[in-house]
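What follows is one structure encoded as structure tokens, with my remarks underneath.
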Amino acid sequence: MKGTRKVFVKSFGCQMNVYDSQRMTDTLAPEGYVETATAEDADLIILNTCHIREKAAEKVYSELGRMRRLKDDAAANDRRVLIAVAGCVAQAEGKEIVRRAPAVDIVVGSQNYHHLPGLIARAEREGHAVNTEFPVDDKFDHLAGPSRAAMRGRGVTAFVTVQEGCDKFCTFCVVPFTRGAETSRAADKISAEVERLADAGVCEVTLIGQNVNAYHGAGPDGRPWSLARLLEHLARVRGIERLRYTTSHPLDMADDLIAAHRDLPALMPQLHLPVQSGSDRILAAMNRRHTRADYLDVISRLLESRPDMALSSDFIVGFPGETEDDFAATLSLVDEIGYSGAFSFKYSPRPGTHGAEMTDQVDEAVKSERLHRLQHAIDYQQAAFNRHCVSRTFDVLFERPGRHPGQIVGRSPYLQPVQVEAPSSLIGEIASVTITEVSTNSLFGALARQPALAAAGA
Ligand code: SAM
Ligand code: SF4
């Protein structure tokens, strides 16, 4: 092993970046890099960036200002620090990043993380290294998996990327440009990764992809598997108690996936199914390829399959051409469905997308006012959903110590954080909890039964 150096990785944006950041540190481990939690003592700083909205991309440049100062301070003490920009901003802006922020040594696009060791060597030799190609080889075949110790350190829940990229080209979205065409990983590779995670103590796996329910990776016989088939297979992995998947597109909610919510006890009753708008006119302008009625139909079939399903969504307000009537249609859809939570965003024109070229852009003040009203409606629904949980008893998977001594935190089947006074020996276990109280974002509860395990570990 080469001399030990420290790497600090900061992830912005979605869960896929969190997963990719872990794969980058795993790939650098055989090169002698150990992960550090602070940028100040790092020899290599990686910013894994997000380009989905303008604000997300600009955050990277302000963070780079701070990193440049750290790099200068280290240089004054004869220590060389390398700065790398990875992820979607790297993919979208390439060399332009080095022009705007000359302290950056490495720019690495989202499909090239397996080339990081080579790029580091090139940057050390030549000053800069940029790689933002979309190679034909599968980066997952080359990226190192985590060591057992690394897996254990990351807790009892894990993300696993099963699908990447998107061919849908919604007119607001940069993902097809920054993550490339839709690809799915082979089922046996995913299965092997999940088995390793289970062996290291992980009991909940969330399968992730930009369009995860479009999954069509090769099965062991070479024929494509659907996401439902993959879930059914993974539910049989010993030690895996809970499965989730995100993010889904309404168009790809296939019948077998809807049925899996009825048939697979390990598949949790919570689904993030972004709709973006409740207006058919806006859905068409967004190129979502489904109507409000199609979405409602998917939801009603899901609820038939799993009546206690909790639903969440993403919404964009102020897409070009959105009138007050269109926005009212979004509010009425929210009303009709009753979400357990949702994310909502002001439309942000992204370079290279159709939406950015549209002439009927909505005024910022109008967007802000609509966002405020929508968030109010969503908060109200989330509070109602949480209130409805009081006095109910359900299984909680405990993940980590709580904020206060004696408290531990876990997740309900519906993905709500649940705080319970209980021994830390229950972390990594699923226990039955009765909900006693709720706040806006959290539930509080008490162990329904004092399990033998709790008593033994207490
Ligand atoms: N693939 C998912 C889907 O089909 O809905 C979403 C992926 S995207 C990474 C996450 C969310 O960011 C989207 O659902 C959308 O609400 C939001 N988003 C994407 N582009 C945006 C833009 N230009 N302005 C505002 N929000 C945006
Ligand atoms: Fe972006 Fe999702 Fe639309 Fe693909 S389906 S273009 S990832 S919003």
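Start at 1 and go down the list; that is how both ligands and their atoms are numbered.
In summary, E96 and R99 engage in a salt bridge, as defined by a charged side-chain N under 4.0 Å from a carboxylate O. One finds a salt bridge joining E364 and K367 here, because a Lys/Arg side-chain nitrogen approaches an Asp/Glu carboxylate oxygen to under 4.0 Å. A salt bridge links D252 with K168: the closest approach of a Lys/Arg side-chain nitrogen to an acidic carboxylate oxygen falls below 4.0 angstrom.
Contact shell of ligand 2 (protein heavy atoms, cutoff 4.0 Å): C166, K168, F169, C170, F172, C173, V175, P176, N211, H249, R288.
Residues R350 and C173 are not in side-chain contact: their nearest non-hydrogen atoms beyond the backbone lie 4.5 Å or more apart.
Taking a 6.0 Å sphere around NE2 of H290, one finds it holds more than 12 heavy atoms contributed by other residues, nucleotides or ligands. Heavy-atom neighbours of E369 CD from other residues, nucleotides or ligands within 6.0 Å: above the threshold of 12. Heavy atoms of other residues, nucleotides or ligands lying less than 6.0 angstrom from OH of Y380 number 12 at most.
Cation-pi contact between R53 and F345: present, with separation from the ring centre below 6.0 Å and deviation from the ring axis of at most 45°. Cation-pi geometry between R373 and F327 is not met at under 6.0 angstrom from the ring centre and within 45 degrees of the axis.
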When you check ligand 1 against the protein, what N or O pairs turn up below 3.5 Å? List the atom names and distances, or just say none.
from, atom 1, to, atom 2, distance (Å)
ligand 1, 1 (N), Q210, O, 2.7
ligand 1, 4 (O), R288, NH1, 3.2
ligand 1, 5 (O), Q276, NE2, 3.0
ligand 1, 12 (O), R53, NH1, 3.1
ligand 1, 14 (O), Q276, NE2, 2.7
ligand 1, 14 (O), D314, OD2, 2.6
ligand 1, 16 (O), Q276, OE1, 2.7
ligand 1, 18 (N), R53, NH1, 3.4
ligand 1, 23 (N), F172, O, 2.9
ligand 1, 23 (N), S348, O, 2.8
ligand 1, 24 (N), S348, N, 3.0
ligand 1, 26 (N), R53, NH1, 3.2

